[in-house]
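Note sheet for the following structure.
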Amino acid sequence: VQLVESGGGLVMAGGSLRLSCAVSGGTFSTYGWFRQVPGKLREFVAAVSGTKQDTLYADSAEGRFTISRDGAKNMVYLQMNTLKPEDAAIYHCAASSRVEIHRFPGLYDYWGQGTQVTVSS
């Protein structure tokens with residue numbers, strides 16, 4: 001199983017980015033996006049259920065970020081709008097075999113290496 005993120009980069013505050021995650025080697029029930037900055041714990045951002053298309057967001061992402069998945073392409077996306085400097089982090093895609101949608105990193109089985117998002121003020 002391999003998850004490969006792309007789409008990160010440098011953007012000005014208020015701008016947008018769309019992150020992509022290509023999943024190969026398996027299909028999973030739930031996919032999530034997490035972010036991490038050096039010295040801090042990995043933080044939940046958003047998750048999507050593969051079967052019910054349910055979504056779950058962190059308070060910091062609600063209303064600004066949108067998670068989606070394309071089952072036919074085995075892709076997961078994170079559209080990020082109105083970015084703030086505090087959104088800067090390495091963003092990781094994760095896959096879980098659990099049917100119920102959740103925000104706990106320990107319940108995800110596979111992780112990508114991440115893509116860097118930098119937001120200038």
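What you see is a predicted model; the values in this text were computed from it and never measured.
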### Task
Ignoring hydrogens and angles, tell me if any N or O in the side chain of Glu5 forms a donor-acceptor pair with the backbone of Cys21 under 3.5 Å.
no

Quick note, ring pair (Phe, Tyr, Trp, His ring centres under 6.0 Å) partners involving residues 99-121, not counting sequence neighbours, are Phe28-Tyr110, Phe34-Tyr108, Phe34-Trp111, His102-Tyr108

By salt bridge (Lys or Arg N to Asp or Glu O under 4.0 Å), Arg42 pairs with (sequence neighbours left out) none

The salt bridge (Lys or Arg N to Asp or Glu O under 4.0 Å) partners of Glu86 (sequence neighbours excluded) come to none

Residue set satisfying side-chain contact (heavy atoms from CB on, under 4.5 Å) with Ala22, at least two apart, ordered chain then number -> Met75

Between His92 and Gln36 the two heavy atoms that sit nearest each other are NE2-OE1, 4.5 Å

Rounded to the nearest 0.5 Å, the CZ atom of Arg69 sits from the OG1 atom of Thr55 at a distance of 13.0 Å

Would you check if the side chain of Thr115 reaches a backbone N or O of Ser6 as a donor-acceptor pair within less than 3.5 Å? no

Residues at least two apart in sequence or cross-chain that pass ring pair (Phe, Tyr, Trp, His ring centres under 6.0 Å) with Tyr77, listed by chain then number, are none

Residue pairs meeting salt bridge (charged side-chain N to carboxylate O under 4.0 Å, His left out), one or both in residues 11-26, sequence neighbours left out, come to none

Apart from Val4 itself, its cluster of hydrophobic side chains linked below 4.5 Å comprises none

Residue set satisfying salt bridge (Lys or Arg N to Asp or Glu O under 4.0 Å) with Arg98, at least two apart, ordered chain then number -> Glu100

Could you walk me through whether Thr82 and Phe65 pass the side-chain contact (heavy atoms from CB on, under 4.5 Å) check? CA-CA 9 Å; Thr82 320; Phe65 295 2; over 6 Å; no

Here the gap from Ile101 atom CD1 to Ser49 atom OG, rounded to the nearest 0.5 Å, amounts to 6.0 Å

In terms of heavy-atom contacts, Gln116 and Ile90 come closest through OE1-CG1, 3.3 Å

*asked:* For a side-chain contact (heavy atoms from CB on, under 4.5 Å) check, start with the C-alpha distance between Arg64 and Tyr57, then their side-chain angles and the critical distance, and finish with the verdict.
replied: CA-CA 10 Å; Arg64 298 188 299 128; Tyr57 294 94; over 6 Å; no

Scanning both residues in full, the closest heavy-atom pair of Ser29 with Ser97 reads OG-O, 3.4 Å

Using only atom types and a distance under 3.5 Å, with no angle test, would you say the side chain of Ser96 pairs donor to acceptor with the backbone of Leu107? yes

The complete set of salt bridge (charged side-chain N to carboxylate O under 4.0 Å, His left out) pairs with one or both residues in residues 107-119, sequence neighbours excluded, reads none

Apart from Leu41 itself, its cluster of hydrophobic side chains linked below 4.5 Å comprises none

By side-chain contact (heavy atoms from CB on, under 4.5 Å), Ser120 pairs with (sequence neighbours left out) Leu10, Met12

(Q) Quick check on the hydrophobic clustering: are Leu17 and Tyr91 connected, directly or via other members, by side-chain heavy-atom contacts under 4.5 Å? (A) yes

Those residues at least two apart in sequence (or on a different chain) that pass side-chain contact (heavy atoms from CB on, under 4.5 Å) with Ala88 are none

Note to self: With side-chain contact (heavy atoms from CB on, under 4.5 Å) as the criterion, how do Arg35 and Asp87 come out once you've worked through the C-alpha distance, each side chain's angles and the decisive distance to 0.1 Å?
What the structure shows: CA-CA 9 Å; Arg35 65 188 184 188; Asp87 294 319; 2.9 Å; yes

Between the side chain of Asn74 and the main-chain N/O of Gly26, is any donor-acceptor distance below 3.5 Å?
yes

Query - Cluster link Val76 to Phe44, ILVMFWY, side chain under 4.5 Å - result: no

Worksheet item: Should Thr30 and Val99 be marked as a side-chain contact (heavy atoms from CB on, under 4.5 Å) after you check the CA-CA gap, both sets of side-chain angles, and the distance that decides it?
Response: CA-CA 6 Å; Thr30 300; Val99 174; over 6 Å; no

